[in-house]
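In this chain, numbering begins with 1 at the start of the sequence shown.
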Amino acid sequence: MKTIIRYLRQEIKLSQQDLAESVGVTRQTINALENGRYNPSLLLAYKITRILNEATYGEDKDSYLSIEDVFKFSDDDFKN
């Protein structure tokens, strides 16, 4: 799975540590997500997307990204 977490996080000048604290995980988890080494739970994906949207777009909810925009799944992600 690929994500645009790093891109969005850097655009708003948010550190991995600050994002991790905001969503209740370790900095290492954010690093693993950004590098495609970890697939998040649906709740974690939602929390990350919400934090990044609020920090990027504020009250302009029409511009908010969906979870699918932030977390890019491929067909290989669904194979056992």
Side-chain angles (χ1 to χ4, degrees):
M1 174 183 53
K2 296 183 183 208
T3 73
I4 59 169
I5 295 171
R6 177 178 286 128
Y7 168 77
L8 293 171
R9 185 179 56 72
Q10 290 175 341
E11 284 292 309
I12 58 174
K13 299 182 178 11
L14 185 67
S15 71
Q16 286 182 340
Q17 185 65 40
D18 289 339
L19 178 57
E21 289 173 4
S22 295
V23 297
V25 297
T26 65
R27 184 199 59 77
Q28 290 84 353
T29 299
I30 300 300
N31 184 274
L33 285 165
E34 289 182 352
N35 290 298
R37 296 188 319 265
Y38 179 72
N39 289 336
S41 68
L42 181 58
L43 180 58
L44 179 55
Y46 173 80
K47 287 179 178 181
I48 290 170
T49 301
R50 182 179 53 91
I51 293 294
L52 293 173
N53 273 324
E54 289 173 356
T56 302
Y57 302 108
E59 297 296 319
D60 183 14
K61 295 190 181 202
D62 290 335
S63 296
Y64 276 23
L65 300 170
S66 69
I67 289 174
E68 293 87 354
D69 293 328
V70 177
F71 295 88
K72 310 286 185 175
F73 293 98
S74 70
D75 289 340
D76 290 340
D77 292 320
F78 297 101
K79 294 180 182 177
N80 290 331

Which atom pairs, one a donor and one an acceptor, fall under 3.5 Å between side chains of residues 42-51 and the rest of the protein, sequence neighbours left out?
| unit_1 | atom_1 | unit_2 | atom_2 | d |
| --- | --- | --- | --- | --- |
| Thr49 | OG1 | Ala45 | O | 2.8 |

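Side chains of Arg27 and Gln16: a donor on one and an acceptor on the other come within 3.5 Å. In summary, the side chains of Ser66 and Glu68 do present a donor paired with an acceptor at a separation below 3.5 Å, with no hydrogens or angles considered.
With sequence neighbours excluded, the residues that form a side chain to side chain contact (heavy atoms under 4.5 Å, CB included) with Arg6 are Arg9, Gln10, Glu34, Asn35. For Thr56, the side chain to side chain contact (heavy atoms under 4.5 Å, CB included) partners two or more places apart in sequence, or in a different chain, are Ile12.
In this structure, Ser22 contributes its side chain and Asp18 its backbone to a donor-acceptor pair below 3.5 Å. Looking only at distances, a side-chain donor or acceptor of Asn53 sits under 3.5 Å from a matching main-chain atom of Leu65. No donor-acceptor pair closer than 3.5 Å links the side chain of Asn31 to the backbone N or O of Gln28.
Under the 4.5 Å side-chain criterion, counting only non-hydrogen atoms from C-beta, Leu19 is in contact with Ile5.
Considering every non-hydrogen atom in both Tyr38 and Thr29, the closest pair reads CE2-CG2, 3.9 Å. Taking both residues in full, the closest heavy atoms of Gly58 and Tyr64 are given as O-OH, 2.7 Å, listed atom of the first, atom of the second, then distance.
Of the inter-residue distances, the one linking Lys72 atom NZ with Thr3 atom OG1 reads 10.0 Å to the nearest 0.5 angstrom. Rounding to the nearest 0.5 Å gives a distance of 13.0 Å between CG of Asp60 and CD of Glu54.
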